[in-house]
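Each remark here refers to the structure printed beneath this line.
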Amino acid sequence: MKLAYIIPFALIWAAAEAAPTAPTPAPSFDLSPLGHASTHPESINLKQYLGHWVLLDFWATWCPPCKKTLPDLAKLKRRHQGLNILALNLDEDKNKAETFLKSMPENLVYLYDGKKDAAEGYAIQGMPTLILIDPQGNIHSRQDGYAAEAIADLDKTLTKLMEKK
Amino acid sequence: MKRYLFGTVLFMLLQACAVVKPYEREILSDPIMDPKSQFTKQTLSEKFYSTREGSVGGQSDIGGGCGCAK
């Protein structure tokens, strides 16, 4: 008798698990550049990267794991030239970030999210957060908080994705 | 009556609770906010000696100071 109740629920659950999930569109933003990218006067909008793979990195100078991640991201960018890496800074004081970036690699695009609008939009749960966005502008995957193996895993994923192309 | 009063006081106290988002922890991540921080302990200790006996320095192993207040 109990099985008569359990089986329909189990089937519904299995169908829900198997159903493809709808892609989540990446919230757009319009932010001013930082560091070497600030030589470009205009603000940078996420929409201008449609058609390309984009990796967002939410970071701050007061977050040691974030600072550790930036050089690794620069190496990742060297390995995957088709990937655009946007590093969004969340410091209260923009000058702190500007000073810190003088010693950072120049192959990343640094942006300043002083009002935390982008961080709010992506519901950041930890620092740093890495979000991979596909060429259609949908969120492909994300890593909230620091994980030692995150960049290596991302490297493997990107190699597979770029091969498909 | 007491129950309502207790409830009101509790409700008012809970208003002070707030969730600090990960990207808003800049001030909290400052070393001075760490209760175990050596920096805090040393600063307080230096303040104590400077006001009580006017001696400054000698609080750490590194750096200058006469070390007389150690």
Side-chain angles (χ1 to χ4, degrees), chain A residues 26-27 29 31-32 34 46 55-70 73 86-101 110-131 139 142-147 150, chain B:
Chain A
F29 54 75
L31 298 170
S32 59
L34 268 178
L46 182 64
L55 180 69
L56 303 182
D57 170 38
F58 288 86
W59 69 283
T61 56
W62 48 265
C63 159
C66 301
K67 292 197 275 188
K68 203 174 163 186
T69 306
L70 286 173
L73 289 177
L86 309 182
L88 283 72
N89 176 263
L90 295 162
D91 273 84
E92 292 292 331
D93 183 0
K94 193 178 180 179
N95 293 328
K96 272 188 192 172
E98 288 282 12
T99 310
F100 173 75
L101 287 178
Y110 299 100
L111 303 172
Y112 183 59
D113 185 19
K115 291 181 182 168
K116 321 280 191 281
D117 290 339
E120 199 79 46
Y122 284 89
I124 301 306
Q125 301 297 315
M127 297 278 285
T129 287
L130 298 171
I131 297 172
I139 295 176
R142 65 186 287 160
Q143 166 67 44
D144 283 84
Y146 179 78
Chain B
M1 185 63 191
K2 270 185 185 173
R3 197 186 297 167
Y4 288 116
L5 192 67
F6 176 74
T8 310
V9 171
L10 188 70
F11 178 76
M12 285 171 78
L13 287 173
L14 287 175
Q15 299 306 301
C17 298
V19 177
V20 183
K21 290 172 182 161
Y23 46 87
E24 294 172 336
R25 293 181 187 163
E26 181 165 356
I27 294 165
L28 293 174
S29 69
D30 194 296
I32 204 162
M33 296 298 278
D34 182 1
K36 291 178 205 154
S37 163
Q38 188 61 33
F39 174 75
T40 320
K41 200 176 156 190
Q42 191 177 322
T43 309
L44 289 171
S45 174
E46 275 177 15
K47 172 78 179 162
F48 172 73
Y49 282 116
S50 67
T51 48
R52 195 186 66 172
E53 54 187 60
S55 64
V56 179
Q59 297 295 314
S60 67
D61 295 332
I62 307 160
C66 64
C68 52
K70 205 172 178 182

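Throughout, a chain's letter reflects where its sequence line sits, starting with A, and its residues are numbered from 1. The figures that follow rest on heavy atoms only: side chains count, while hydrogens, waters and symmetry mates do not. Here the structure is a predicted model, which means the values were calculated and not measured.
Of the atoms belonging to A:Asp144, not a single heavy atom falls under 4.5 Å from chain B. For chain B, the nearby parts of A:Ala119 are the backbone and the side chain; heavy atoms of each come within less than 4.5 Å. The part of A:Gln125 that comes within reach of chain B is its backbone (N, CA, C, O), which places non-hydrogen atoms under 4.5 angstrom from that chain.
Nearest heavy-atom pair, B:Pro22 versus A:Gly126, reported as atom, atom and distance to 0.1 Å: CG-N, 3.7 Å. Across A:Trp62 and B:Tyr23, no two heavy atoms sit closer than the pair CZ2-O, 3.9 Å.
Annotation: B:Arg52, atom CZ; neighbour count of heavy atoms from other residues, nucleotides and ligands within 6.0 Å is above 12.
Here the CD atom belonging to B:Glu26 is positioned 9.5 Å from the CG atom belonging to A:Leu90, to the nearest 0.5 angstrom. One distance of note links CE of A:Met127 with NZ of B:Lys21; it measures 13.5 Å at 0.5 Å rounding.
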